[in-house]
Amino acid sequence: MSDQNIILIGPMGSGKSTIGQLIASRLNRDFFDSDYYIEEKTGVNIPTIFDIEGEDGFRARETKALEELTNRKKLVIATGGGSVMREENRHILADGFIIFLDTSVNQQMARLRNDKKRPLLQTDNPREKLEKLFAERKPVYAELADLRIKTDRKFARKVAAEIIPQLPKNLT
Ligand code: S3P
């Protein structure tokens, strides 16, 4: 079996953590969520990091977290939605098998409408923000992806069940 990490990318609310956990338990791998890893290491939540250090401070912590996680083997890793926008991070992630969870802004809105934990969405018009991020990031997700799965109107279990048979045999 290959030691290669399986890495989930995609926008906020695409289900990276839930689907990642399902895939990990199915494949007998350890699961890590980079946001959660950052919170554990820092001892405070992400909104607090943004408040004190700004987005730049958070991004520096995110790069360090991705470095540490990808130094390990055979993991399933859920990344933060903005991680792919740093070239350094794209290099760090490139050794993994990358799955893009392709989710529409409508679906994101349905899932994140009342979210208080994502600093980038604490604006008067979260839809507009999601649309802007979607336009900037979607080509980057698509370019990095080894596998791309549409998640709209699907339960996490269904998405995970679709992914497993499409993984290269040496990863399962
Ligand atoms: C962000 C996504 C979040 C988190 C932070 C910034 C982004 O992760 O890293 O709030 O820039 O899209 P999720 O994609 O897990 O929500």
Side-chain angles (χ1 to χ4, degrees), residues 5-24 30-70 75-90 92-93 96 98-145 147-152 154-156 159-160 163:
N5 290 316
I6 295 172
I7 296 173
L8 293 158
I9 63 170
M12 299 179 249
S14 56
K16 294 174 299 249
S17 296
T18 315
I19 293 161
Q21 282 177 63
L22 290 167
I23 294 173
D30 288 331
F31 170 77
F32 283 89
D33 174 289
S34 82
D35 288 333
Y36 184 71
Y37 183 83
I38 293 165
E39 290 182 333
E40 288 278 289
K41 285 226 130 188
T42 319
V44 296
N45 64 19
I46 287 173
T48 306
I49 300 174
F50 269 72
D51 275 351
I52 296 175
E53 300 180 346
E55 183 170 350
D56 285 351
F58 171 74
R59 295 297 171 200
R61 289 181 185 275
E62 185 173 51
T63 296
K64 187 151 186 289
L66 293 175
E67 245 161 18
E68 288 174 14
L69 289 172
T70 54
L75 303 181
V76 176
I77 303 170
T79 59
S83 58
V84 298
M85 300 311 285
R86 270 197 172 192
E87 190 180 356
E88 195 180 355
N89 295 350
R90 294 196 287 275
I92 292 170
L93 299 177
I98 299 183
I99 305 172
F100 167 29
L101 299 182
D102 186 0
T103 301
S104 69
V105 171
N106 278 344
Q107 187 73 65
Q108 286 182 274
M109 278 304 285
R111 293 186 181 145
L112 300 171
R113 197 179 304 276
N114 298 313
D115 182 83
K116 294 279 170 279
K117 293 194 182 139
R118 281 143 170 120
L120 298 179
L121 299 186
Q122 310 314 306
T123 75
D124 290 344
N125 194 340
R127 174 179 287 274
E128 195 177 75
K129 180 72 184 184
L130 286 173
E131 277 166 355
K132 182 172 176 284
L133 293 175
F134 184 84
E136 289 167 6
R137 294 174 175 180
K138 191 166 175 166
V140 183
Y141 296 136
E143 167 77 30
L144 281 176
L147 175 64
R148 176 172 175 167
I149 300 277
K150 288 207 181 287
T151 70
D152 280 13
K154 292 177 191 164
F155 287 118
V159 178
I163 290 172

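Because only heavy atoms are used, hydrogens play no part in the values below, and waters and symmetry mates are left out as well, while side chains stay in. All ligand and atom numbering here is 1-based and tracks the order in the structure. When a residue number appears, it is its place in the shown sequence, counting from 1. Nothing here was measured: the structure is a model prediction, and the numbers come from that model.
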* To do: Around atom 16 (O) of ligand 1, find the nearest protein heavy atom and jot down its residue, atom name and distance.
  =>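 Ranking protein heavy atoms by distance from atom 16 (O) of ligand 1, first comes Arg118 NE, 2.7 Å.
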* Protein contact of atom 10 (O) of ligand 1 - nearest heavy atom, named by residue and atom, plus distance ->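 The answer is Pro119 CD, 3.7 Å.
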* Should Gln108 be listed as contacting ligand 1, given a heavy-atom distance under 4.0 Å as the test? -> no
* Asked: Mind checking whether Arg137 has a heavy atom under 4.0 Å from ligand 1?
  -> yes
* Any N or O of Lys117 closer than 3.5 Å to N or O of ligand 1 ->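 No - when backbone and side-chain N and O of Lys117 are compared with those of ligand 1, no distance drops under 3.5 Å.
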* **Min N/O separation Gly81 to ligand 1 under 3.5 Å** => yes
* **Closest candidate by heavy atom, reference atom 15 (O) of ligand 1, pool Asp35, Leu120, Asp33** => Asp35
* Run down the list Met85, Arg59, Lys16, Arg61 and name the one with the heavy atom closest to atom 11 (O) of ligand 1. => Arg59
* Counting heavy atoms not belonging to Glu68, are there more than 12 under 6.0 Å from its CD? ->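 Enclosed.
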* Asked: What do you reckon, is OH of Tyr36 surrounded by more than 12 foreign heavy atoms closer than 6.0 Å?
  ->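 At most 12 heavy atoms, drawn from other residues, nucleotides or ligands, come within 6.0 Å of this atom.
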* Asked: For Gly81, does its backbone N or O pair with a side-chain atom of Tyr141 as donor and acceptor, under 3.5 Å?
  ->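 Yes; at least one donor-acceptor contact below 3.5 Å.
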* To do: Could you tell me whether a side-chain N or O of Glu39 sits under 3.5 Å from a main-chain N or O of Ile46, the two making a donor and an acceptor?
  => yes
* Asked: Got a salt bridge between Lys16 and Asp33, using NZ or NE/NH1/NH2 to carboxylate O under 4.0 Å?
  -> no
* Pairing of Arg61 and Glu53 as salt bridge, 4.0 angstrom limit -> yes
* Structure fact -> In ligand 1, the atoms that come under 4.0 Å of a heavy atom of Phe58 are 9 (O)
* To do: For Gly80, take its heavy atoms, then give the atoms of ligand 1 lying under 4.0 Å from any of them.
  => 8 (O), 9 (O), 14 (O)
* Asked: When rounded to the nearest 0.5 angstrom, what is the spacing between CG in Asn5 and CG in Leu75?
  -> 4.5 Å
